[in-house]
Amino acid sequence: MKITSPHMGNIYLLLGDLFKRFEVEYIPPPPTTNRTLQLGIRYSPEFACLPLKVTVGNFIEGIERGADTLVMAGGVGPCRFGYYAEVQKRIIGSLGYNFNMITVEPIGAGLVNFVKTFKKLAPKSSIKEIYKSIKTSFIKAQVFDFVEKKAFEARAFEIKKGATNVAVKHATEILNSAFTPTELGEAKAEAFRIMNAVEKKEEEDYLKIGIVGEFFILLEPFCNFDMCEWLGNRGVLVERSVYLTDWIGSSKENPVAGIGEEEIKKAAKPYLSHFVGGEGLPTIGNSVKFAQRGFDGVIQLFPFTCMPDTIAKSILPKISRDFDIPILSFVIDEQTAKAGVITRLEAFLDLIRARKNSRFKAKEKVVETVNC
Amino acid sequence: MEGYLGIDVGSVSTNLVIINRENRIIASVYTRTMGRPIEAVQRGMVELNQQLDCEIEIKGAGTTGSARYLTAAMVGADVVKNEITAHAVAAINVIPEVKTVIEIGGQDSKIILLQNKVVVDFAMNTVCAAGTGSFLDHQSARLGVPIEKFGELALKAKNGVQIAGRCSVFAESDMIHKQQMGYCLEEIVYGLCEALVRNYLNNLSKGKEILSPVVFQGGVAANAGMKRAFEEALNVEIIIPPFFNVMGAIGAAILAKEQTEFQPATNFRGFSVSDLEYKTSSFVCAGCSNTCEVVKIQVENETLARWGGRCGKWEVASEKSLNVTCKPAN
């Protein structure tokens, strides 16, 4: 059994670790490129969202590398993602490839089924071993998430350009080689030390931008035009609302992002009081939280035809007015030309920079009049 | 005399201006890009030079528009700015108290909202280009009316014919249908303007408050029918600045002037750039898994600039300093 699974940010690191514990061969697809996208577009329905197209491409490229078993996450929420595994099975099957598809449904959809699925994925391990492996791999994935979060904070202030990326690479290597829980504990400390050691300049007047939106697009740098890094390289402190382990973990507290689900719901309540599928509600709640925390701007990203975030998009102008915070929405489709995205991002940075300066000046003026 | 050069290379037109220290226009050129930005800029520079009747020393140069990085490398720009900021800067220069800028170009349309000379909000068309200059161009060719006469014709209409403007292809079917039914040309042309304005307002300005003064710029502002349709839809006066079609370039020139005040000398290479032979090429870097597509621009075998790489290693001026292991893929 040779397993492959689509890319979504750092998920290949988690799966690589997990299947090593299961003693099953794991072949990650090559990194997502234009070719991946072109394959996905060719074989997917036109009206499906970008995540389906990209992941179909990933599967095909994974099979080309020699994989024979495809692993895909399922889902029960009112988002099309939940049945993409089934759709992919049919699409890729119709292309004549021989493979076995294993869909991992969330625990919430039935514990017995969940255990059965993992017995298939790890035929050599006992249930107890599987449980232990998942637990350790999950903790490791959480450390990867923290490294990513620290990178957003470091990149904005790095003195040597590219130092953060070097640190991330170094930290990832160290974490990858850790296997036992003891080793992992040491690697975690070392990884954090490496990330904190990135030399940073003292900057007081910097911009802070919160990133919200649909999960897959936020996590997969190929799909979001590597926006977090682009902003970081321009000295912008970026905070992203979702991380891999917050999303797949059972905790409602979102330990990596630091804002629990109840709090997000509460923040969203004046604008949206119920679940609308996907990340519609979190997009609203997180935008409000970013605004309340004094961020200079919010960027929303979601795939074209994504219903939940389209609902959120129509509510965001109201939040923007109420909190006087600029919000920029990007609808991501098949186009890969970065120019249009960069133009809007550059203008958005000019806008929030100018607003910040004029507000600063206005404050100075007030002080002046008081002194007179 | 001192001057500042602004170049706006867009999808349809390439615009160049030279302004003096007081932001007054000394020379301006509006030419078609026709898919060849480098040639368009070179042609524009020659025309611009011909317009000058006295010796001008260019003290700063700025570029904007979708080919701004390419053009900046080519002419040696001091500032490279996105077109939204450039248009806002130019509009403020004409009407300092401007609150709304409507800009419709070849394939882009934007709305920019300002308060006290600061951009507070903007929107740009994303997945749809219905309602931009390209569509008007296409329809003028189809109807056999030169685009310059389009506005004049629209003003003659008493009322516009209802035309579906959501999609430019269906707008065309709708127009053809109305023609077959016997509506007169003036009313169809004006109906088209109304449809484009409706599309603009629905796509871009939804949820945004359009406050007066409203400045309308970009190539499409030449169409008096569009001005009338905007005025009727919004019920406010629409101001069209005298140099409406080169506002992006004016903005770039003003920004170049501001920028060069803080630097010892301009990077501008001089008007001779129009005689040089520029070569652009692209390749996929095989240095890592990012497989970035890198574009490079060369002049007489000297590499001026490279961009498109994520790690920044290609953005150095000399090829010699590159790491040997990072050879291009093809």
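Chain naming here is simple, since letters A, B, ... match the order of the sequence lines and numbering starts at 1 in each. Computed from a prediction, not measured in an experiment: that's the story for all the values here.
Using a 4.5 Å cut-off between heavy atoms, B:Val118 contacts chain A through its side chain alone, with no backbone atom that close. Residue A:Pro31 touches chain B through its side chain alone, counting heavy-atom pairs closer than 4.5 Å. At a 4.5 Å heavy-atom cutoff, A:Ile327 makes no contact with chain B through either its backbone or its side chain. Both the backbone and the side chain of A:Phe348 have a heavy atom closer than 4.5 Å to some heavy atom of chain B.
For chain A, the option among B:Val120, B:Ile84, B:Asp121 with the highest count of heavy-atom pairs below 4.5 Å is B:Val120.
Sequence neighbours left out, the pairs with a member in residues 68-81 of chain B that pass side chain to side chain donor-acceptor pair (under 3.5 Å) are A:Thr343-B:Arg68, A:Glu346-B:Arg68, A:Glu346-B:Tyr69, A:Asp350-B:Lys81, B:Arg68-B:Glu83, B:Asp78-B:Gln263, B:Asp78-B:Thr266, B:Asp78-B:Asn267.
Under the side chain to side chain contact (heavy atoms under 4.5 Å, CB included) rule, A:Phe225 has a single partner from A:Leu345, A:Ile332, A:Ile342, which is A:Ile332.
A:Arg155 places a side-chain heavy atom less than 4.5 Å from the side chain of A:Glu158. Looking at heavy atoms from C-beta onward, A:Asp324 lies in side-chain contact with A:Arg355 at the 4.5 angstrom threshold.
Closest non-hydrogen pair, A:Gly9 versus A:Pro221, comes out as CA-CD, 4.2 Å.
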